[in-house]
Amino acid sequence: MITAIRGFNDILPGDSEIWRHIEESAYRIFSTYGFSEIKLPIVEKTELFLRSIGETTDIVEKEMYTFPDRHGDLLTLRPEGTASAVRAYIEHKLYTAPVTKLYYTGPMFRYERPQKGRYRQFYQIGAEVLGDDSPRADAEALEMLMRLFGRINLKGVTLQINSLGCPDCRPVYKEKLLNFLKDKTGELCENCVRRIDTNPLRALDCKSPGCIEATKNAPSIIESLCENCKTHFEKVQYYLKLSGLTPALNPRMVRGLDYYTKTTFEITAEGLGSQNTVAAGGRYDGLVSELGGPKTPCFGFAIGIERVALILKEEGIESRPLSVFISLGTEAEAKGVELVSGWREKGIRVVEEFSEGPLKNRMKRADRLGARYVIILGENELNSGVVAIKDMVAATQETLPWDKIAQRISAQ
RNA sequence: GUGGGCGUAGCUCAACGGUUAGAGUACAGGACUGUGACUCCUGGGGUUGGGGGUUCGAAACCCCUCGUCCACCCCA
């Protein structure tokens, strides 16, 4: 038997409806905030990710699917979407507009050990606001995201925010932190000691007991922000409050991509085990210019679709009722073709049960197909211009004229 | 990449190292030629994940491998 490769999953019926629900809700809501969809390629030149994500990040160092194509160019299956969105923004000179709001969805690829909520091919819905430095942009994007989670009824979500500063103040803080950590290297875990020079901030986020203890009194980045970053961060919180959001401040939150500046955030949910981040993102004011575009402040985020779907599946979502049509006899069969077609024109979700044999068996099949309603057209009904419609949940049955069926089913 | 748990029928799971690996459920048919879920009968289903080893004898014990789950790492 040929199976799918490790970490690459099929999304089967039963799950795919939940996915569609999430994606369609996102499109609808994002659109009301002025976002438009951009379709991006799944493969990019490796260099794009090296330069955007950062050469010393875990993603670039050990998680990318990279391969040479037939001409020997190094290509990579995208591990995230922001890099591509920014590349397209620059390539097509979208910066001539005052502000650009984009969203996209699709698979991302990272070579990691799969576990619950983490797969090698996984799906994200991403959104990027390009060309807006206002703290209102940060707050509005977060409001939009929380609105989506509210709309799809995602339970147990927590919003945490932080500010990572800018090229002016972050190095100052890094220096402070380094001084603090210098004489504590004995208490830090192996990992944190290794990256103390490349990325000392990681120690703040480390879960090993030694690191937690050692960094307990570490200086806070929020207190080291420059005037500009500080006001920005305060305003973001002010506007979030106006939107009715009260995020938890987490000065220890560090992101895995190098391009973030100022505001960063993370939304976690309950019931996912240790991979509990359902959405995350932040501001990246330097990325566009680093990739060769004009200086452009941006804010963006990504949602992990399978993680959201896992939670919604746990909670259960309602799906549209299915009707199964059964005709008895050649003449009823012929009339049925016309009737079923008419119901579908009206948007009724109806399948026909084609098998022959005793009605009892056909009812049984209809039940197993998941029918909410079974619509029966036999000789008696045909002659009177009606059908029998049975509600399989309520176990009630009524007789209705042909043109009342769509109305009856839609009424539910 | 590291550590641990688990792989037996489509699904959920039994089976002390010892007959022909079972049960529930699902599936096919019938009891029942116009009414599902409940009942009864019959039937098809298995390389016990794969490979090697120990043993008179392995689903079980050992090694390797693959898959899966959980955690670490990391992230969405």
Side-chain angles (χ1 to χ4, degrees), chain A residues 1 3-9 22 53 57-63 78-82 105-127 145 189-192 194-195 199 202 205-209 211 253-257 265-269 272-282 300-311 324 326-329 332 353 355-382 387-397 399:
Chain A
M1 182 174 55
T3 57
I5 55 187
R6 178 174 218 191
F8 288 67
N9 302 121
I22 296 166
I53 297 170
T57 58
D58 277 40
I59 292 176
V60 167
E61 276 183 352
K62 49 188 202 194
E63 294 174 2
R78 60 179 186 190
E80 60 110 28
T82 301
T105 183
M108 308 293 164
F109 304 85
R110 291 182 202 170
Y111 192 93
E112 296 184 90
R113 186 89 166 250
Q115 69 184 76
K116 191 185 187 77
R118 191 175 75 183
Y119 312 99
R120 289 182 175 178
Q121 175 174 333
F122 62 101
Y123 290 76
Q124 290 188 336
I125 301 169
L145 190 47
C189 74
E190 212 178 297
N191 243 315
C192 290
R194 182 176 54 77
R195 59 198 174 193
N199 196 350
R202 289 241 77 110
D205 204 28
C206 186
K207 286 162 206 126
S208 97
C211 297
M253 188 176 69
V254 179
R255 306 271 67 229
L257 295 83
F265 77 93
E266 198 169 299
I267 298 175
T268 54
L272 283 172
S274 62
Q275 309 302 324
N276 63 351
T277 303
V278 290
F301 63 79
I303 302 165
I305 302 182
E306 27 292 83
R307 293 181 185 179
V308 174
L310 276 171
I311 297 172
V324 172
I326 298 176
S327 65
L328 304 167
E353 208 287 302
S355 74
E356 290 167 17
L359 181 60
K360 190 174 184 73
N361 285 351
R362 299 181 68 186
M363 289 295 288
K364 198 171 177 180
R365 289 171 66 111
D367 189 37
R368 285 201 309 261
L369 285 169
R372 172 67 201 272
Y373 302 101
V374 176
I375 304 168
I376 301 165
L377 182 70
E379 260 179 67
N380 303 338
E381 290 82 4
L382 184 65
V387 292
I389 174 167
K390 178 161 189 176
D391 185 324
M392 300 293 273
V393 175
T396 55
Q397 183 166 324
T399 302

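Naming convention: chains lettered A, B, ... in sequence-line order (proteins, then strands); numbering from 1 in each chain.
In this entry the distance linking CD of A/Glu381 with C1' of B/G34 reads 8 Å, nearest Å. Between the CG atom of A/Asp58 and the C1' atom of B/C74 there is a distance of 5 Å, rounded to whole Å. For the pair A/Arg362 CZ and B/U33 P, the computed distance is 14 Å after rounding to whole Å. With rounding to whole Å, A/Arg365 atom CZ is found 16 Å from B/U35 atom C1'. For A/Leu369 and B/U35, the CG to P distance is 19 Å, given to the nearest whole Å. Rounded to an integer number of Å, the gap from CZ of A/Phe109 to P of B/C75 is 20 Å. In this structure, NZ of A/Lys62 is placed 14 Å from P of B/C72, rounded to the nearest angstrom. For the pair A/Phe122 CZ and B/C75 C1', the computed distance is 8 Å after rounding to whole Å.
At a threshold of 4.0 angstrom between heavy atoms, the contacts of A/Ala371 with the nucleic acid are absent. Within the nucleic acid shown, A/Lys360 comes within 4.0 Å of at least one base atom, counting heavy atoms only. Within 4.0 Å of A/Asn380, counting heavy atoms only, lies at least one base atom of the nucleic acid. Across all strands shown, A/Glu61 has no heavy atoms under 4.0 Å from either base or sugar-phosphate atoms. Among the heavy atoms of the strands, none lies under 4.0 Å from A/Glu266. Residue A/Ile376 is classed as a base contact, given a heavy-atom separation below 4.0 Å to a base. Counting non-hydrogen atoms under 4.0 angstrom, A/Gly273 reaches the backbone sugars and phosphates but no base. Residue A/Glu63 is classed as a sugar-phosphate contact, given heavy-atom separations below 4.0 Å to backbone atoms only. Residue contacts for A/Ala280: at a heavy-atom cut-off of 4.0 Å it reaches the sugar-phosphate backbone alone, with no base atom in range.
With P as the reference atom, B/G45 and B/C38 are 26 Å apart, rounded to whole Å. Taking atom C1' in both B/C61 and B/A28, the straight-line distance is 40 Å, to the nearest Å. Taking atom C1' on both B/G17 and B/U2, the two are 34 Å apart, rounded to the nearest angstrom. Taking atom P on both B/G10 and B/G18, the two are 25 Å apart, rounded to the nearest angstrom.
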Could you write out RNA chain B as a dot-bracket string, with dots for unpaired bases, | for bases paired across to another strand, and Watson-Crick or G-U pairs counted at under 3.5 Å?
(((((((..((((....[...)))).(((((.......))))).....(((((..]....))))))))))))....
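A donor-acceptor contact under 3.5 Å is not formed by the side chain of A/Gln397 with the base of B/G34. Applying the 3.5 Å distance criterion, the base of B/C74 shares a donor-acceptor pair with the side chain of A/Arg118.
Heavy-atom distances to RNA chain B give each of A/Asn9 and A/Asn276 a nearest nucleotide, and the one nearer the 5′ end belongs to A/Asn9. Between A/Gly117 and A/Gly7, the residue whose closest nucleotide on RNA chain B is further toward the 5' end is A/Gly7.
Using a 4.5 Å heavy-atom threshold, the side chains of A/Lys390 and A/Ile376 count as separate.
If you check B/U35, B/G36, B/G1 against the side chain of A/Ala388, the one that comes closest is B/U35. With B/G4, B/C74, B/A76 as the choices, the nucleotide that has an atom nearest any side-chain atom of A/Leu257 turns out to be B/A76. Each of B/A28, B/C74, B/G4 was ranked by its minimum atom distance to the side chain of A/Gln275; first place goes to B/C74. The side chain of A/Arg368 lies closest to B/A28, out of B/C38, B/A28, B/G67. Relative to the side chain of A/Glu112, the nucleotides B/U68, B/C74, B/C75 differ in distance, and B/C74 lies closest.
Contact annotation: A/Arg202 reaches the phosphate of B/C75 (side-chain N/O to OP1 or OP2, under 4.0 Å). An OP1 or OP2 oxygen of B/A76 is reached within less than 4.0 angstrom by a side-chain nitrogen or oxygen of A/Arg255. Between A/Gln115 and B/U68 there is no side-chain N or O to OP1 or OP2 distance below 4.0 Å. Within the 4.0 Å cut-off from OP1 or OP2 of B/A71, at least one side-chain nitrogen or oxygen of A/Ser274 is found.
Contacts of A/Phe109 classified as side-chain contact (heavy atoms from CB on, under 4.5 Å), with partners at least two apart in sequence or in another chain: A/Phe8, A/Ile42, A/Tyr65, A/Leu77, A/Pro107, A/Gln121.
Formation of a donor-acceptor pair under 3.5 Å by the A/Arg110 side chain with backbone atoms of A/Pro79 is found in this model.
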